[in-house]
Amino acid sequence: MINFVIGKILCEHRVKAINIVIGKIWHCRTELCRFSGSKVYPGKGIRFLRSDSQVFLFANSKCKRYFHNRLKPSKLTWTAMYRKQHKKDIAAEAVKKRHRTTKKPYSRSIVGATLEVIQKRRTEKPEVRDAAREAALREIIERIKKTKDEKKAKKAELMSKQQKTQSKGNLPKSAATKGPKLGGCGGKR
Amino acid sequence: MGGLGNNFCNLPSTSSEMTCGSFLSQQQRTFIQMRTVLKVVDNSGAKKVMCIQALKGKKGARLGDTIIASVKEAMPNGKVKKGKVVYGVVVRAAMQRGRCDGSEVKFDDNAVVLVDKQGQPIGTRVFGPVPHELRQKKHVKILTLAGHIA
């Protein structure tokens, strides 16, 4: 097996050397066979171009023959497609992949917060965070209360104004009735 | 397309019939010689063309070679009429052609692009894939017109 591989590599180098002497550029890229999924070294294989401009690369005439006889690679045990479909040798690959994905704590400063701020935030205790959250909530509630009180006060003022001007006449009344409505709309916003 | 048609009718149902089926569907593709009918893949007006002489090559023409052909089937209004003798460049050949890196290329059908005596294509468009080999044969114009270069 090892000898075979070495032989292949030597063969490649030899051909490469010859090609350089002749002055040719060699693509030296191992592609995959479209049928069996095996590696196709440069210089091997048959490339079949269908009329619809689809390219098929076959490792050998065996793959080519099966393809032309319209056999499905997913039904032939020795092809990569079959192995993938029947999930052979995937367990080992999956185990390997899991080891690589380990998250590291992100220790770089971002635009919004410098490194110190991030670290401080990270090392905050949950009690401290809860306390901060409660304080913030309290602030918001107080703010809402304030605005509500203000609104009430405004409304009371307008109502009192309306009562005062009721005795004067109808026209001012209509203007006044329009007033609180507008005031109300403004307050709602 | 003729080759594909062959495969269709010879499709064996079980693997036991494989041997006789494969014998029929594995045609030995040979050169393009006298009386070979080729498809025309440009818009010069001709549809089918029959080779009457393969220039350069005792056995016949291969991918990238020029041939003299007679138009057998043509579109009603085109630059080329039926019965005309034209030159053509073979752009697709069912026979495999060796590439300089050692691999082989083969197409599905035999196709030709009509050219004039100087080698300039008569049509303005080329359909289907076209091989690299044309560059070596100095048919650069056809390559530029092609949609897909193999």
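Hydrogens, waters and symmetry mates play no part in the numbers below; they use all other heavy atoms, side chains included. The shown structure was predicted, so the numbers you read here are calculated from the model rather than taken from an experiment. Protein chains get the first letters and strands the later ones, always in sequence-line order, with residue 1 at the start of each.
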> Check this for me: B:Gln120, atom CD, are more than 12 non-hydrogen atoms of other residues, nucleotides or ligands nearer than 6.0 Å?
yes
> Got a sec: does the CZ of B:Arg125 have more than 12 other heavy atoms crowding it under 6.0 Å?
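No, the 6.0 Å shell around CZ holds no more than 12 heavy atoms from other groups.
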> Is it the case that atom NZ in A:Lys39 sees more than 12 heavy atoms from other parts of the structure closer than 6.0 Å?
no
> In this structure, are over 12 heavy atoms from other groups packed under 6.0 Å from B:Lys79 atom NZ?
yes
> Please indicate whether B:Met50 has more than 12 foreign heavy atoms, meaning atoms of other residues, nucleotides or ligands, lying under 6.0 Å from its CE.
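Check passes, neighbour count above 12.
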> When rounded to the nearest 0.5 angstrom, what distance separates OG in A:Ser53 from CZ in B:Phe127?
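CZ of B:Phe127 is found 12.0 Å from OG of A:Ser53.
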> Looking at every non-hydrogen atom in both residues, tell me the closest pair between B:Pro129 and A:Arg50 and how far apart they are.
CG-O, 3.6 Å
> Looking at CD of B:Gln96 and NZ of A:Lys64, how far apart are the two atoms once the value is rounded to the nearest 0.5 Å?
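Between atom CD of B:Gln96 and atom NZ of A:Lys64 there are 6.0 Å.
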> Could you give the distance from NZ (B:Lys39) to OG (A:Ser51), rounded to the nearest 0.5 Å?
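Rounded to the nearest 0.5 Å, the NZ-OG separation comes to 5.0 Å.
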> Looking at CZ of A:Arg47 and CZ of B:Arg99, how far apart are the two atoms once the value is rounded to the nearest 0.5 Å?
6.5 Å
